[in-house]
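As structure tokens, the structure follows; a few thoughts come after it.
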Amino acid sequence: TDPRHATQLHSRSGLAYMRAEDITDAEKQYGIALTLEPDDPDIWVDRATERAGNDNFWDAVSDLNHALSIEPDFVDALRLRGQCWLKLGNSKNALADFNLAEQIEADEQAKKKK
């Protein structure tokens, strides 16, 4: 009955189906999780990971764009999107994402040293 708990269960189910290479059910579970919790960037990245792993790079980029619209400094999302851009033959966008991810990490390290 708890929406957050249900979201986590569907997201974990998506991961389990992804590992079992059951793309259809993985997509279904991630879709349910995102319907329940559309503002969770981690779920968008999880589904993007599944999609990229199945060479569905355009949909993965779309999911990563959603994640980054929620959390612009999400380094893992930037790196995965950079990898997708490379697979799609867009080295300019890939380099921009990789550079931004590195800059965010460098800024975080600098803050920790202060």
Side-chain angles (χ1 to χ4, degrees):
T1 59
D2 174 25
R4 185 67 189 147
H5 183 70
T7 302
Q8 290 174 350
L9 288 174
H10 286 288
S11 183
R12 289 182 186 162
S13 293
L15 177 61
Y17 282 119
M18 180 177 70
R19 289 182 177 161
E21 298 180 11
D22 183 341
I23 299 165
T24 302
D25 284 330
E27 285 279 327
K28 180 180 177 183
Q29 293 303 313
Y30 283 129
I32 294 168
L34 288 167
T35 299
L36 294 169
E37 194 70 41
D39 294 329
D40 186 330
D42 291 311
I43 300 171
W44 288 104
V45 171
D46 289 346
R47 187 169 77 172
T49 301
E50 177 263 320
R51 288 176 163 184
N54 290 298
D55 297 336
N56 193 351
F57 299 111
W58 284 113
D59 286 340
V61 166
S62 178
D63 283 353
L64 294 162
N65 288 341
H66 281 284
L68 290 163
S69 72
I70 298 164
E71 190 176 327
D73 292 343
F74 199 149
V75 171
D76 289 340
L78 286 165
R79 286 201 175 113
L80 180 55
R81 190 173 70 177
Q83 292 170 355
C84 290
W85 285 128
L86 284 177
K87 293 289 188 177
L88 291 166
N90 190 328
S91 58
K92 180 181 175 185
N93 283 0
L95 186 59
D97 280 348
F98 293 141
N99 286 339
L100 182 54
E102 285 184 32
Q103 184 60 51
I104 291 167
E105 284 188 329
D107 291 347
E108 289 175 2
Q109 289 296 326
K111 286 179 187 176
K112 289 180 183 178
K113 289 181 180 180
K114 287 185 180 183

Checklist line | Positive for side chain to side chain contact (heavy atoms under 4.5 Å, CB included) with Trp85, one of Asn90, Leu80, Leu95, Leu64 | finding: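 That would be Asn90.
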Checklist line | Sole candidate of Leu78, Leu68, Val75 that passes side chain to side chain contact (heavy atoms under 4.5 Å, CB included) when paired with Leu100 | finding: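 Of Leu78, Leu68, Val75, side chain to side chain contact (heavy atoms under 4.5 Å, CB included) with Leu100 is met by Leu78 alone.
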Note to self: Rounded to the nearest 0.5 Å, what separates atom CG in Asn54 from atom CE in Met18?
What the structure shows: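 If I round to the nearest 0.5 Å, the distance is 9.0 Å.
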Check: Roughly how far, to the nearest 0.5 Å, is the CH2 atom of Trp58 from the CG atom of Leu88?
Finding: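 Reported value, rounded in 0.5 Å steps: 5.0 Å.
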Do you know which two heavy atoms are closest between [X] and [Y], and how far apart they sit?
{"X": "Ala67", "Y": "Trp44", "value": "CB-CB, 3.8 Å"}
{"X": "Phe57", "Y": "Ala52", "value": "CE2-O, 3.4 Å"}
{"X": "Arg51", "Y": "Asp59", "value": "NH1-CB, 3.5 Å"}
{"X": "Thr7", "Y": "Glu37", "value": "CG2-CB, 3.5 Å"}
{"X": "Pro38", "Y": "Ile70", "value": "O-CD1, 3.6 Å"}
{"X": "Ser11", "Y": "Ala33", "value": "N-CB, 3.9 Å"}

Notebook entry, point to check: With no hydrogens and no angle check, do the side chains of Asn65 and Arg81 hold a donor and an acceptor under 3.5 Å apart?
Noted result: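 The criterion, which ignores hydrogens and geometry beyond distance, is satisfied for Arg81 and Asn65.
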Can you find a heavy atom in the side chain of [X] that is under 4.5 Å from one in the side chain of [Y]?
{"X": "His10", "Y": "Lys28", "answer": "no"}
{"X": "Leu86", "Y": "Phe98", "answer": "yes"}
{"X": "Asp42", "Y": "Phe74", "answer": "yes"}

Item checked: Asp73: side-chain contact (heavy atoms from CB on, under 4.5 Å) partners, not counting sequence neighbours ->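 side-chain contact (heavy atoms from CB on, under 4.5 Å) check on Asp73 returns Ile104.
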Next item on the list: Kindly indicate, with the supporting measurements, whether the criterion side-chain contact (heavy atoms from CB on, under 4.5 Å) is fulfilled by Arg12 and Gln29.
Entry: CA-CA 8 Å; Arg12 289 182 186 162; Gln29 293 303 313; over 6 Å; no
Notebook entry, point to check: Between Asp107 and Gln103, is a side-chain hydrogen bond (donor to acceptor under 3.5 Å, both in side chains) present by the stated rule, with each step listed?
Noted result: CA-CA 6 Å; Asp107 291 347; Gln103 184 60 51; 2.7 Å; yes
Next item on the list: Go through Ile32 and Leu36 one step at a time and tell me if the side-chain contact (heavy atoms from CB on, under 4.5 Å) criterion holds.
Entry: CA-CA 6 Å; Ile32 294 168; Leu36 294 169; 4.1 Å; yes
Next item on the list: Please assess Arg4 against Asp40 for the test salt bridge (charged side-chain N to carboxylate O under 4.0 Å, His left out), listing each intermediate value before the final yes or no.
Entry: CA-CA 10 Å; Arg4 185 67 189 147; Asp40 186 330; 3.0 Å; yes
